[in-house]
Amino acid sequence: GSGSEAIDRVADPANHIRMALLDWRMPEMDGAETLAVLRQIDPQLPVLVMSGYTESQTLSSFHDGPTPAFMAKPFGVDLLTEKVRQVLGE
């Protein structure tokens, strides 16, 4: 979806969101803008940022709070599953 959709879902306590997956480039708001708002809602929310750009290019735009986890595109479901488990500590 979009950054605003992610914010709406995290802000709704009925959703019980455990982790956010953000693309660096998204409609309406980019990943850094979205993450800044998500950190206001839940500073401890684990975040995985995905991008076709390099890790250093991507994460250099994220300034507030803990550095999010990173995953380079393209990737498959197995690698995504492994990374999500790693980020969640499972």
Side-chain angles (χ1 to χ4, degrees):
S2 67
S4 59
E5 182 182 344
I7 291 164
D8 290 344
R9 288 181 186 234
V10 171
D12 184 348
N15 287 327
H16 306 289
I17 303 296
R18 293 184 54 210
M19 180 178 179
L21 297 128
L22 302 176
D23 199 325
W24 189 41
R25 297 284 180 214
M26 298 184 298
E28 300 172 27
M29 304 171 73
D30 68 21
E33 293 168 322
T34 303
L35 181 58
V37 176
L38 293 179
R39 292 277 188 238
Q40 292 173 1
I41 297 167
D42 183 352
Q44 302 306 313
L45 182 68
V47 176
L48 173 60
V49 175
M50 301 162 285
S51 177
Y53 293 90
T54 67
E55 183 172 2
S56 62
Q57 287 174 309
T58 303
L59 295 183
S60 67
S61 64
F62 293 88
H63 305 291
D64 298 329
T67 303
F70 176 80
M71 187 165 200
K73 292 181 188 178
F75 53 82
V77 173
D78 290 340
L79 187 57
L80 176 60
T81 301
E82 180 182 322
K83 189 69 171 187
V84 167
R85 286 185 176 145
Q86 178 186 17
V87 171
L88 289 176
E90 297 177 355

Is [Y] reachable from [X] through a run of I, L, V, M, F, W or Y residues, each pair having side-chain heavy atoms under 4.5 Å apart?
| X | Y | answer |
| --- | --- | --- |
| Val49 | Val87 | no |
| Leu35 | Ile17 | yes |
| Val10 | Leu22 | yes |

Inter-residue atom distance Met19.CE - Arg85.CZ, 0.5 Å rounding: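 Reported to 0.5 Å precision, the distance equals 12.0 Å.
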I need the Thr81 OG1 to Phe75 CZ distance, nearest 0.5 Å.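 Result: 10.0 Å between the selected atoms.
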Determine the minimum heavy-atom distance between Met50 and Asp23, stating which atoms define it.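 The pair with the smallest heavy-atom distance is O-OD1, 3.0 Å.
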Any residue meeting side chain to side chain contact (heavy atoms under 4.5 Å, CB included) with Gln86, in chain and number order, not counting sequence neighbours: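 Per chain and number, Gln86 pairs via side chain to side chain contact (heavy atoms under 4.5 Å, CB included) with Lys83.
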What residues, two or more places apart in sequence or in another chain, satisfy side chain to side chain contact (heavy atoms under 4.5 Å, CB included) together with Asp12?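 With sequence neighbours excluded, Asp12 shows a side chain to side chain contact (heavy atoms under 4.5 Å, CB included) to Ala14, Asn15, given in chain and number order.
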Partners passing side chain to side chain donor-acceptor pair (under 3.5 Å) against [X] (at least two apart in sequence or in another chain):
| X | value |
| --- | --- |
| Ser2 | Ser4 |
| Arg9 | Glu5 |
| Arg18 | Glu90 |
| Glu82 | none |

Qualifying salt bridge (Lys or Arg N to Asp or Glu O under 4.0 Å) pairs with a residue from residues 44-56, counting only residues at least two apart or across chains: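 Listed by first then second residue: nothing to list.
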Report, one line per pair, each donor and acceptor closer than 3.5 Å where one atom sits in a side chain of residues 40-48; sequence neighbours left out.
| from | atom 1 | to | atom 2 | distance (Å) |
| --- | --- | --- | --- | --- |
| Asp42 | OD1 | Gln44 | N | 3.1 |
| Asp42 | OD1 | Leu45 | N | 3.4 |

Contact between Met71 and Leu79 at the side-chain level, heavy atoms closer than 4.5 Å - yes or no?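 Met71 vs Leu79: side chains touch.
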